[in-house]
Amino acid sequence: MAIPPETGNVVLEAVRRFIRANLKPIRYAHSFRVAETAVRLCAKYGIAPEDAPLAGTAHDMCKDIDDETLTTLALRDGMPLTPLETQNPALLHGRAAAT
């Protein structure tokens, strides 16, 4: 799979640099496949595709981060951890990425 070219989108390019530095190669490639799928789904369902590459690329950007850092980042949203999140910090990767 070819990695998509630079887009000029500053946020997307920052996310790409972050995931290149922080994700395992297999997850890095997965993120781009998800971005490509997101664009195709937007086209299929008549949704504007402008944000699809960012959403797809960023969806797992914190997936390979250690539990302590995930917890710290997730708590920045001001919400308490649920008992399930406390027992399974990997579930926090979405919250961590959103902060």
Side-chain angles (χ1 to χ4, degrees):
M1 177 203 67
I3 301 300
E6 300 275 324
T7 65
N9 180 317
V10 176
V11 174
L12 179 57
E13 297 309 325
V15 168
R16 286 179 173 181
R17 284 190 301 277
F18 179 87
I19 67 171
R20 188 176 306 120
N22 292 284
L23 294 184
K24 297 172 185 167
I26 194 163
R27 194 171 314 277
Y28 178 75
H30 162 77
S31 292
F32 286 106
R33 289 191 306 273
V34 171
E36 292 169 350
T37 299
V39 170
R40 283 195 305 273
L41 287 171
C42 284
K44 180 177 180 175
Y45 293 105
I47 299 168
E50 292 82 20
D51 294 330
L54 176 59
T57 302
H59 84 284
D60 273 350
M61 67 186 277
C62 289
K63 191 78 170 177
D64 291 338
I65 293 178
D66 65 271
D67 291 350
E68 183 178 341
T69 304
L70 279 176
T71 301
T72 299
L73 290 171
L75 288 171
R76 288 183 181 175
D77 67 12
M79 301 295 293
L81 299 181
T82 67
L84 184 60
E85 291 169 330
T86 300
Q87 293 174 337
N88 302 288
L91 296 174
L92 296 169
H93 75 277
R95 282 178 62 182
T99 65

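Predicted model, so just to flag it, every value in this text is computed and none were measured. These values consider heavy atoms only, across backbone and side chains, with no hydrogens, waters or symmetry-generated copies.
- I47 and L12 are assigned to two separate hydrophobic clusters, defined by single-linkage of ILVMFWY side chains at heavy-atom distances under 4.5 Å.
- A chain of hydrophobic side-chain contacts below 4.5 Å, direct or via other Ile, Leu, Val, Met, Phe, Trp or Tyr residues, connects V15 to F32.
- For the pair N88 (side chain) and A90 (backbone), a donor-acceptor distance under 3.5 Å is absent.
- Shown here for A52 and C42, the closest heavy-atom pair between the two residues is CB-SG, 3.8 Å.
- The number of heavy atoms from other shown groups lying within 6.0 Å of CD1 (I26) does not exceed 12.
- From I19, atom CD1 reaches atom CG of D64 across 10.5 Å, with rounding to the nearest 0.5 Å.
- Considering all non-hydrogen atoms of both residues, A58 and A97 come closest at O-CB, 4.4 Å.
- Shown are L81, T69, D67; of these, the side chain to side chain contact (heavy atoms under 4.5 Å, CB included) with P89 is made only by D67.
- Comment: R16 engages E13 in a salt bridge, judged by a side-chain N to carboxylate O separation of less than 4.0 angstrom.
- Here the CE-CZ distance, from M61 to R27, works out to 13.5 Å after rounding to the nearest 0.5 Å.
- For the pair H59 and H30, the minimum side-chain heavy-atom distance is below 4.5 Å.
- Distance check, rounded to the nearest 0.5 Å: CG of L75 to CG of L92 gives 7.5 Å.
- With rounding to the nearest 0.5 Å, the separation of CG in L70 from NZ in K63 is 9.5 Å.
- For the side-chain hydrogen bond (donor to acceptor under 3.5 Å, both in side chains) condition, no pair includes a residue of residues 45-57, sequence neighbours left out.
- Taking CD of E85 as the reference point, atom CD of Q87 lies at 11.0 Å (rounded to 0.5 Å).
- The distance from the CG atom of L23 to the CD1 atom of I65 is 7.5 Å, given to the nearest 0.5 Å.
- Both F18 and Y28 sit in one connected hydrophobic cluster of ILVMFWY residues. Membership requires side-chain heavy atoms under 4.5 Å apart, directly or through other members.
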